[in-house]
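Some notes on the structure that comes next.
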Amino acid sequence: MNSQTFLNWMDGRWVAGATVVANRNPSDTDDLIGHYAQATSAQVQGAIGAAVIAQPVWAATGLEKRHDVLRAIGDELIARSQELGRELSREEGKTLAEGVGEVYRSGQFFHYFAAEVLRQLGGKADSVRPGVEIDIQREPLGVIGVITPWNFPMATASWKIAPALAFGNAVLFKPANLTPGSAWALTEIISRQALPAGTFNLLMGDGASVGNALAASRSVNGISFTGSVDTGRRIAAVAAPNLIKLQMEMGSKNALVVLDDADIDLAVECAFQGAYSGTGQKCTASSRLIVTHAVHRTFVERLTAKLRSVKVGRALDDGVQMGPVVDGRQLDQNLQYIEIGKREGARLVIGGEHLTQPERAYCMSPALFDEGRNDMQLNRDEVFGPIACVIPVRDYDEALTVSNDTEFGLTAGVVTQSLRHATHFRRHAQAGCVMVNLPTAGTDYHVPFGGRKSSSYGPREQGPNAAEFYTTLKTSYTRA
Ligand code: NAD
């Protein structure tokens with residue numbers, strides 16, 4: 001049994017906590033991955049103080065040095081993506097291919113932002129007052145709290161930490177307690193870089209203490225958070241009195257619309273990838289499948305056949321296409337939603353059962369409901385599991401209305417061969433990311449990512465827009 005204890009990283013040192021949490025493999029709960037230190041409140045305050053001191057030192061480090069540090073982190077993540085991807089899948093439960101892909105993608109975020117270090121160009125303007133020149137320049141925001149969820153434990157951290165460091169900020173990283181191993185592995189790589197002590201800190205611990213302390217601190221200049229809407233609201237309430245900058249990506253209830261003229265095999269593939277990859281535990285997952293009457297029956301039949309053939313099992317086993325859900329609490333919640341859906345009158349076509357094989361794993365069969373209505377709780381709440389519901393509709397107009405009828409607005413997709421409908425949907429879908437003939441899950445790393453309505457708050461993440469959050473503008477006037 002592995003009982004190694006992994007420590008926090010603060011002010012350039014590995015530090016034990018007052019307590020630890022055990023990290024167990026959701027594919028085999030007998031597999032203890034390790035124990036992870038929990039930061040005390042005094043340690044959190046100490047790390048914040050160290051970050052405040054380190055940040056201007058890091059910001060004054062030359063561009064080339066900052067570029068090289070980010071580049072090296074990206075190189076190592078990519079070179080070790082097989083090994084680290086395996087560990088990621090072991091603790092989170094996504095398949096090996098998904099785990100390896102996530103670590104590789106994390107490396108790409110560091111490479112992208114390494115290049116952005118060298119692309120920090122300011123602006124110039126003439127003043128309305130003759131003889132006065134104006135310079136417009138971006139400066140680091142300062143000390144950033146990075147608070148992340150468990151479902152993309154390496155990628156979410158990377159798409160926040162890479163731009164934070166690239167633009168000269170110090171980072172206090174609070175990962176989810178369900179997946180501390182990936183956070184620790186990323187930290188271990190960063191810890192070997194020549195960063196001034198205190199520039200980057202790992203503060204493992206629970207949200208209500210460590211996360212809350214970051215959001216409530218007057219010395220933290222911004223919080224970049226990804227997680228649930230409830231937690232986002234709590235963070236906003238605690239951070240608001242200090243007027244600190246927030247960037248928050250939260251829950252979702254994404255729709256994939258399938259129209260009469262869709263290529264049905266493509267629609268089934270998009271629904272399958274969108275709703276069930278990552279065991280459905282994606283903020284971009286399409287849990288509402290809005291299908292017009294003419295293709296409804298064929299679509300449901302083919303998607304059901306596809307789901308019947310899916311191999312569910314331990315994340316690291318050969319041939320497994322869907323791993324377990326992340327823990328027992330999430331499994332119970334998923335099974336409750338199966339009951340809620342049935343009670344509400346949706347027809348369970350396939351799946352939705354806790355699998356007894358493999359043993360000691362939180363595995364469930366992917367579930368598909370049909371004959372759903374958009375006002376059912378099943379179709380209003382974010383479930384965050386391998387459960388999707390078909391909502392039959394008359395035509396495109398009704399499909400668009402139903403797609404937009406949600407408190408969320410992260411992604412939305414349409415499968416159609418009609419240029420007119422595709423174009424109209426792109427313009428009128430109330431979502432931050434719109435996909436045409438593609439799954440709702442799966443985005444690129446060099447362009448903005450984020451949502452609308454309750455899914456998102458504050459500036460966009462990723463791509464060139466990341467500068468909006470991680471920097472602040474200075475406008476300087478000079479009389480020559
Ligand atoms: P969560 O909100 O429970 O936790 C997210 C993080 O916030 C964790 O690190 C947690 O410890 C911390 N936290 C909890 N309470 C806190 C508090 N009071 N103050 C500060 N921090 C606190 O979310 P989760 O269960 O880890 O992840 C699933 C959720 O994340 C889903 O709602 C999903 O949609 C969302 N998500 C969104 C995106 C996106 O980009 N929109 C991406 C991935 C996941």
Side-chain angles (χ1 to χ4, degrees), residues 21 36 38-39 41 44 91-94 102 105 145-160 172-180 182-183 202-217 220 223-240 244 246-254 277-287 325-327 329-331 333-334 381-385 406-412 431-433 440-443 445 448-462 466 469:
V21 292
Y36 291 78
Q38 303 288 283
S41 55
V44 174
E91 74 169 351
E92 200 272 351
K94 60 184 66 176
E102 179 175 341
R105 173 54 59 94
V146 165
I147 303 178
T148 55
W150 48 264
N151 66 326
F152 281 99
M154 186 78 86
T156 309
S158 297
W159 79 58
K160 296 176 187 297
L172 300 150
F173 173 32
K174 207 305 274 173
N177 254 347
L178 278 175
T179 49
S182 300
L202 173 68
L203 304 168
M204 295 180 284
D206 73 23
S209 54
V210 177
N212 183 73
L214 294 180
S217 171
V220 171
I223 297 280
S224 182
F225 163 77
T226 297
S228 62
V229 175
D230 281 352
T231 305
R233 288 210 170 94
R234 263 181 231 125
I235 288 175
V238 169
I244 69 169
L246 294 179
Q247 172 183 66
M248 306 203 290
E249 290 302 331
M250 298 167 282
S252 60
K253 195 71 194 172
N254 311 299
S277 64
T279 320
Q281 300 174 140
K282 289 188 178 179
C283 54
T284 48
S286 26
S287 49
V325 304
V326 74
D327 69 353
R329 192 199 55 80
Q330 183 70 49
L331 178 63
Q333 183 179 305
N334 293 351
D381 297 354
E382 179 182 51
V383 179
F384 223 55
T406 165
E407 71 159 301
F408 302 107
L410 183 55
T411 62
C433 308
T440 57
T443 54
Y445 60 92
F449 172 75
R452 296 184 184 181
K453 303 197 262 186
S454 298
S455 291
S456 196
Y457 185 85
R460 283 282 184 271
E461 303 204 78
Q462 304 178 22
F469 176 74

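Any value given below was found using the heavy atoms of this structure, including those in side chains, with hydrogens, waters and symmetry copies removed. Atoms within each ligand, like the ligands themselves, are counted from 1 in listed order.
- Interface of Ser228 with ligand 1, defined as ligand atoms under 4.0 Å from a residue heavy atom, comprises 1 (P), 2 (O), 23 (O), 29 (C), 30 (O), 32 (O).
- Ligand-side atoms of ligand 1 in range of Asn212: 19 (N), 20 (C), range being under 4.0 angstrom from any heavy atom.
- In this structure, Lys174 fails the cation-pi test against Phe225, since its NZ or CZ atom is not both closer than 6.0 Å to the six-membered ring centre and inside 45 degrees of the ring normal.
- Ligand-side atoms of ligand 1 in range of Ile235: 19 (N), 20 (C), 21 (N), range being under 4.0 angstrom from any heavy atom.
- Scanning Pro149, Gly211, Pro180 for the heavy atom closest to atom 20 (C) of ligand 1 points to Gly211.
- Only the side chain of Asn151 comes within 4.0 Å of ligand 1, counting heavy atoms alone; its backbone N, CA, C and O stay farther away.
- A side chain to side chain donor-acceptor pair (under 3.5 Å) with Ser456 is found for one member of Glu249, Gln247, Glu461 and no other, namely Glu249.
- Against a heavy-atom cut-off of under 4.0 Å, Pro175 is close to the following atoms of ligand 1: 9 (O).
- The ligand atoms of ligand 1 that sit less than 4.0 angstrom from a heavy atom of Phe449 are 40 (O).
- By heavy-atom distance, the residue among Met250, Glu382, Gln281 lying nearest atom 37 (C) of ligand 1 is Met250.
- Closest of all the heavy-atom pairs between Asp206 and Gln38 is N-OE1, 3.6 Å.
- At least one heavy atom of Phe384 sits under 4.0 Å from some atom of ligand 1.
- With a heavy-atom cut-off of 4.0 Å, Thr226 touches ligand 1 through backbone and side chain alike.
- Contact atoms of ligand 1 toward Phe225: 2 (O), 5 (C), 6 (C), 7 (O) (distance under 4.0 Å to a heavy atom of the residue).
- Listed by chain and residue number, Trp159 satisfy the ring-ring contact (aromatic ring centres under 6.0 Å, His included) test with Phe449 (two or more places apart in sequence, or in another chain).
- If you take CG on Leu203 and OG on Ser41, they are separated by 11.5 Å, rounding to the nearest 0.5 Å.
- Numbered from 1 in the order shown, with element, the atoms of ligand 1 that lie under 4.0 Å from a heavy atom of Leu410 read 41 (N).
- Atoms of ligand 1 lying under 4.0 Å from any heavy atom of Lys174, numbered from 1 in the order shown and given with element: 8 (C), 9 (O), 10 (C), 11 (O).
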